[in-house]
Engineer: 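Structure incoming, see below.
In what follows, chains carry the letters A, B, and so on, assigned in the order in which the sequence lines appear, proteins first and then strands, with residues in each chain numbered from 1. This one's a predicted model, so the numbers in the text were calculated from it and none came from an experiment.
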Amino acid sequence: MPPLTFTYQVPGDDFTRAGEASGQLKRTLKKIGFNADVIRRVSIAMYEAEINMVIHANGGEIEAQVSPEKIEIWFRDQGPGIPDISLAMKEGYSTAPDNVRSLGFGAGMGLPNIKKYSDTLEIDTELGVGTTLHVIINAE
Amino acid sequence: MTIRDVMQILDAELICGEQLLDTEVHTACGADMMSDVLAFVKDQSVLLTGLINPQVVRTADMMDMRCIVFVRGKVPEEQVTELAVERDIVLLKTPLRMFTACGRLYEKGLRGGC
Ligand SMILES: Nc1ncnc2c1ncn2[C@@H]1O[C@H](COP(=O)(O)OP(=O)(O)OP(=O)(O)O)[C@@H](O)[C@H]1O
Ligand SMILES: [Mg+2]
């Protein structure tokens, strides 16, 4: 059976809606019947990546492929790119502006969280062109 | 304890979620940084926070948290309450400050994790 594919457009100008796609996929996975631990790991990784698209890259597109063995997600944006990936991966490193911090983000924990909760994380980024995160979470 | 107990212990007012007040909760987390909450995974927990934007509800939903307590008497906008209703999350507000609210719950047996 081919994986089920879901795509979501993430608007870059509306922070209040950031996380809507993650909420939708979460409810879909629940309906399909994945176990709670898998759903939680997907939810956290996806939510962090979705928020990053909104606060750092002016939105983008998410594609999720769901099969019984794994959930595979691509986050594609046309933002500024990440100049130094190993620095960005460090806990506590953040370039988020003060207005984002006052909303509860910008702790520099998003990328480390994504890494922690996923089985595979690949980051493909080019300055001035954009960033793609490829995340795999095994379901077995 | 139940969310109803949390409400009493914190002298809190219910904003929404009356039908869920008898839900059992075992752990709590006090945070104003949502990524700190997301770094902590436990079932059936309560989130205490000084923030009132919609991301607080979305974060709690991602973590399967059942109850959010807004400290220092803060009240979120209607759209935040609507989101909580849709996600089956109880919203409470307490006049207490963060430290005092967490302390009272800890004293009554709720435990942390972040
Ligand atoms: N999609 C992206 N495009 C451009 N830069 C990014 C992107 N995602 C992350 N970054 C950069 O990497 C840094 C670290 O990201 P990370 O998610 O770990 O922390 P944060 O978003 O700043 O804070 P938090 O996730 O705790 O709210 C960001 O501050 C930003 O500079
Ligand atoms: Mg982030």
Engineer: So does A:E91 have more than 12 non-hydrogen atoms from other groups sitting under 6.0 Å from CD?
Structural biologist: no

Engineer: To the nearest 0.5 angstrom, please state how far the CG atom of B:L83 sits from the CZ atom of A:R17.
Structural biologist: 10.0 Å

Engineer: Using a strict threshold of under 4.0 Å (side-chain N to carboxylate O), is an ion pair present between A:R101 and B:D32?
Structural biologist: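 Salt bridge flag = no for A:R101 with B:D32.
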
Engineer: Can you name the nearest heavy-atom pair linking B:A39 to A:M109, along with the distance?
Structural biologist: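 Result for this residue pair: CB-CE, 4.3 Å.
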
Engineer: Is A:V100 reachable from B:V37 through a run of I, L, V, M, F, W or Y residues, each pair having side-chain heavy atoms under 4.5 Å apart?
Structural biologist: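 B:V37 and A:V100: one cluster.
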
Engineer: Answer yes or no: is there a side-chain heavy-atom contact under 4.5 Å between B:M34 and A:L103?
Structural biologist: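 Side chain of B:M34 against side chain of A:L103, heavy atoms only: no contact under 4.5 Å found.
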
Engineer: Is there a donor-acceptor contact under 3.5 Å from the side chain of B:D36 to the main chain of A:A107?
Structural biologist: no

Engineer: Using 0.5 Å steps for rounding, measure from the CE atom of B:M62 to the CZ atom of A:R40.
Structural biologist: 11.5 Å

Engineer: Is chain B contacted by the side chain of A:I39, its backbone, both, or neither, given a heavy-atom distance below 4.5 Å?
Structural biologist: neither

Engineer: Applying a strict under-4.5 Å side-chain criterion to I, L, V, M, F, W and Y, I'd like to know whether B:L38 and A:L121 cluster together.
Structural biologist: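 Same cluster: B:L38 reaches A:L121 through Ile, Leu, Val, Met, Phe, Trp or Tyr contacts under 4.5 Å.
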
Engineer: What do you reckon, is CD of B:E18 surrounded by more than 12 foreign heavy atoms closer than 6.0 Å?
Structural biologist: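 Open.
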
Engineer: Measuring heavy-atom distances to chain B, does A:R27 have an atom under 4.5 Å in its side chain, in its backbone, in both, or in neither?
Structural biologist: side chain

Engineer: Is there a path from A:I123 to A:I73 through hydrophobic residues (I, L, V, M, F, W, Y) whose side chains come within less than 4.5 Å of each other?
Structural biologist: yes

Engineer: Going hydrophobic residue to hydrophobic residue with side-chain gaps under 4.5 angstrom, can you get from B:L14 over to B:I3?
Structural biologist: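 Yes; tracing contacts between hydrophobic side chains, which count when under 4.5 Å, links both residues.
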
Engineer: Could you check if a side-chain atom of A:K26 sits within less than 4.5 angstrom of a side-chain atom of B:D64, using non-hydrogen atoms only?
Structural biologist: yes

Engineer: Please classify the contact of A:Y47 with chain B as side chain, backbone, both or neither, using a heavy-atom distance under 4.5 Å.
Structural biologist: side chain

Engineer: Is B:V69 reachable from B:M33 through a run of I, L, V, M, F, W or Y residues, each pair having side-chain heavy atoms under 4.5 Å apart?
Structural biologist: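 In one cluster: no.
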
Engineer: Assess whether atom CD of B:E77 is packed by more than 12 heavy atoms of other residues, nucleotides or ligands within 6.0 Å.
Structural biologist: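 No.
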
Engineer: Tell me whether B:Q55 contacts the main-chain N or O of A:F15 through its side chain, where contact means a donor paired with an acceptor under 3.5 Å.
Structural biologist: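 Looks like yes, one N/O pair under 3.5 Å.
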
Engineer: If you look at every heavy atom in B:L51 and A:G104, which pair is closest and at what distance?
Structural biologist: CD1-CA, 3.4 Å

Engineer: Could you grab the distance from atom CD1 of A:I114 to atom OG of B:S35, nearest 0.5 Å is fine?
Structural biologist: 9.0 Å

Engineer: Any heavy-atom pair between the side chains of B:R58 and A:E20 that's under 4.5 Å?
Structural biologist: yes

Engineer: Sort B:T59 into side chain, backbone, both or neither according to what part of it lies under 4.5 angstrom from a heavy atom of chain A.
Structural biologist: both

